[in-house]
Protein chains: 2
Amino acid sequence: MSRARTAPRPVVAGASAPAEREVVEFFVHLGKYLSLPRSVGEIYGLLFATGEKLTLDDLVARLAMSKGSASQGLRMLRGAGAVRVTHLPGDRKDYYEAEADLPALIRGFLRDQLVLKLEHADRRLDRLRTVVDDPGNGAPAGLSGRVERLQSWQNKARRLIPLASTFLKL
Amino acid sequence: MSRARTAPRPVVAGASAPAEREVVEFFVHLGKYLSLPRSVGEIYGLLFATGEKLTLDDLVARLAMSKGSASQGLRMLRGAGAVRVTHLPGDRKDYYEAEADLPALIRGFLRDQLVLKLEHADRRLDRLRTVVDDPGNGAPAGLSGRVERLQSWQNKARRLIPLASTFLKL
DNA sequence: CGCGGAATTCAAGGCGAATTGAACTTTCTG
DNA sequence: CAGAAAGTTCAATTCGCCTTGAATTCCGCG
């Protein structure tokens, strides 16, 4: 019982409005497809749902997660440009709000994740060709050709990226 | 030490030619990006590397994995069209070979996985709108509009799929 | 039918990634 | 400069997915 306050202090994650909870879950699922940890989806979801600037402690309270998770999740979101930090005049808390320009967010993600992975795949493919083309490694007949085709498809995929970027920009 | 046999019975995964092992590892990594279990990458990798028709028991022996894993991995690969089953005349074992037409494979993956996920996302978004637009659910002001934008972006993403398909087809 | 080899199923266990929470660092304030 | 408030770090724990292997089902054949 104790004190009467304006907001009914949510004890459990999303004990707030159903709409809020729903949005949070939506982003959790979306994040799962990108293999992001649940906490990250929750944080972004809550920021997106409320549209307000919230502090780390707000997130901890309203999502019922640990400070550690919130801190790490926010770092990831900052890194991805999905979230903006602001400050209030006489207050040293960090205030976070969702970056509302989703296309920019998606482009950032594509750039950072996909291109990075393609570069990595490049190196692996080169290495693979070296090993396969070395006669001492017992590559079955025809394998060399198949690996080459692999490479040509990978190049096609790479050419697709900028195309996708511009398309999503609109 | 028992019996002398033609092939030196690999005790450990990929105890065969280095080239083979390398190809297997390559597909394991590739699979990781698509968050497929390691076993799936291994199976497809070995089939791709050898270019032969192999039975479940071959896979179990040469990759040192359990029958259960092999069975489930093969099911997944069959479902994705990444692998073809054939039969030999007087033999009731299933013989598997890698689907060599990678573009088809990629298209299949896009169709099965991505479209499926988009449909799922569709349903989720519809649900989300319903909840958010219900006045009883305490949606903050402006949320409805943000959710709408979410939907428009999702539509753009969907329009990107066929484009990607044709592009990869060449 | 019933036998036997081939494949699938699924409960239990293993393993790696995510989360927690307490210790720590930093920075402001009186 | 002491104290507190904000945030970060990281070792220990938890949790969920993947694998295992034994039991079960499936199927063709005598």
Side-chain angles (χ1 to χ4, degrees), chain A residues 11-14 24-25 27-47 53-80 83-96 113, chain B residues 11-14 24 27-47 53-80 83-97 113:
Chain A
V11 178
V12 166
V24 168
E25 277 314 304
F27 280 102
V28 168
H29 277 259
L30 185 58
K32 213 160 52 178
Y33 289 149
L34 307 170
S35 46
L36 299 172
R38 156 169 274 268
S39 60
V40 170
E42 287 181 335
I43 295 171
Y44 187 82
L46 184 58
L47 291 173
K53 300 181 204 283
L54 299 178
T55 67
L56 185 144
D57 284 324
D58 291 337
L59 294 167
V60 165
R62 297 178 64 170
L63 294 171
M65 70 173 52
S66 69
K67 281 180 71 172
S69 274
S71 177
Q72 294 199 162
L74 283 169
R75 166 197 304 194
M76 200 171 298
L77 289 167
R78 270 191 323 254
V83 124
R84 203 181 318 159
V85 198
T86 59
H87 291 273
L88 265 51
D91 188 344
R92 55 201 180 82
K93 284 201 265 295
D94 294 343
Y95 284 82
Y96 292 93
Q113 303 300 305
Chain B
V11 179
V12 166
V24 168
F27 280 101
V28 168
H29 277 260
L30 186 58
K32 214 160 50 178
Y33 288 150
L34 307 170
S35 46
L36 299 172
R38 155 168 275 267
S39 60
V40 171
E42 286 182 336
I43 295 171
Y44 186 83
L46 185 59
L47 292 173
K53 300 182 204 283
L54 299 177
T55 67
L56 186 144
D57 284 325
D58 292 336
L59 294 167
V60 165
R62 296 177 64 169
L63 294 170
M65 71 173 51
S66 70
K67 283 181 71 171
S69 274
S71 177
Q72 294 200 163
L74 283 170
R75 166 199 303 198
M76 203 171 297
L77 288 166
R78 271 190 323 254
V83 124
R84 203 181 319 158
V85 198
T86 59
H87 291 273
L88 264 51
D91 187 346
R92 52 203 179 79
K93 283 200 268 292
D94 293 343
Y95 284 80
Y96 292 94
E97 64 183 325
Q113 303 301 305

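By convention in this document, chain letters (A, B, ...) are assigned in the order of the sequence lines, proteins followed by strands, and residues within each chain are numbered from 1.
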Is B:Glu42 salt-bridged to B:Arg62, cutoff N-O under 4.0 Å? no
Does the side-chain contact (heavy atoms from CB on, under 4.5 Å) test come out yes or no for B:Tyr95 and B:Leu54, once each step is laid out? CA-CA 5 Å; B:Tyr95 284 80; B:Leu54 299 177; over 6 Å; no
Any B:Ser71 side-chain N or O less than 4.0 Å from OP1/OP2 of C:dA7: no
Taking 4.0 Å as the cut-off, does a side-chain nitrogen or oxygen of B:Arg78 come that near to OP1 or OP2 on C:dA7? no
Structure string for DNA chain D in dot-bracket form, Watson-Crick and G-U at under 3.5 Å, | interchain: ||||||||||||||||||||||||||||||
I'd like to check [X] versus [Y] (side-chain heavy atoms, cut-off strictly below 4.5 Å). Are they in contact?
{"X": "A:Leu74", "Y": "A:Leu59", "answer": "yes"}
{"X": "B:Leu56", "Y": "B:Ser71", "answer": "yes"}
{"X": "A:Asp94", "Y": "A:Thr55", "answer": "no"}

Please state how far atom [atom1] in [X] lies from atom [atom2] in [N], giving the value in whole angstrom units.
{"X": "B:Tyr95", "N": "C:dG5", "atom1": "OH", "atom2": "P", "value": "15 Å"}
{"X": "A:Ile43", "N": "D:dG7", "atom1": "CD1", "atom2": "P", "value": "13 Å"}
{"X": "B:Asp94", "N": "C:dT8", "atom1": "CG", "atom2": "P", "value": "7 Å"}
{"X": "A:Lys67", "N": "D:dA11", "atom1": "NZ", "atom2": "C1'", "value": "18 Å"}
{"X": "A:Asp57", "N": "D:dG7", "atom1": "CG", "atom2": "C1'", "value": "9 Å"}

Answer with yes or no whether B:Lys93 presents, from its side chain, a donor or acceptor under 3.5 Å of a partner atom in the base of C:dA6. no
For a quick test of reading the model, state the closest non-hydrogen atom pair linking [X] to [Y] and the distance between them.
{"X": "A:Gly73", "Y": "A:Ile43", "value": "CA-CD1, 4.0 Å"}
{"X": "A:Leu47", "Y": "A:Tyr96", "value": "CD2-O, 3.5 Å"}
{"X": "A:Lys53", "Y": "A:Thr86", "value": "CD-OG1, 3.4 Å"}

Base versus backbone protein contacts along nucleotides 24-30 of chain C [heavy-atom cut-off under 4.0 Å; B, S, -]: ---BS--
CE of B:Met76 to OG of B:Ser39: how many Å apart, nearest 0.5 Å? 7.0 Å
With rounding to the nearest 0.5 angstrom, report the CG to CE distance, B:Leu46 to B:Met65. 9.0 Å
Any donor-acceptor pair under 3.5 Å from B:His87 side chain to B:Lys93 backbone: yes
Mapping A:Lys32 and A:Tyr96 onto DNA chain D by nearest heavy atom, which one lands closer to the 5' end? A:Tyr96
Using the 3.5 Å cut-off, write out each protein N or O paired with an N or O of nucleotides 17-19 of chain C and the distance between them.
| unit_1 | atom_1 | unit_2 | atom_2 | d |
| --- | --- | --- | --- | --- |
| C:dT19 | OP1 | A:Ser39 | N | 3.1 |
| C:dT19 | OP2 | A:Ser39 | OG | 2.8 |

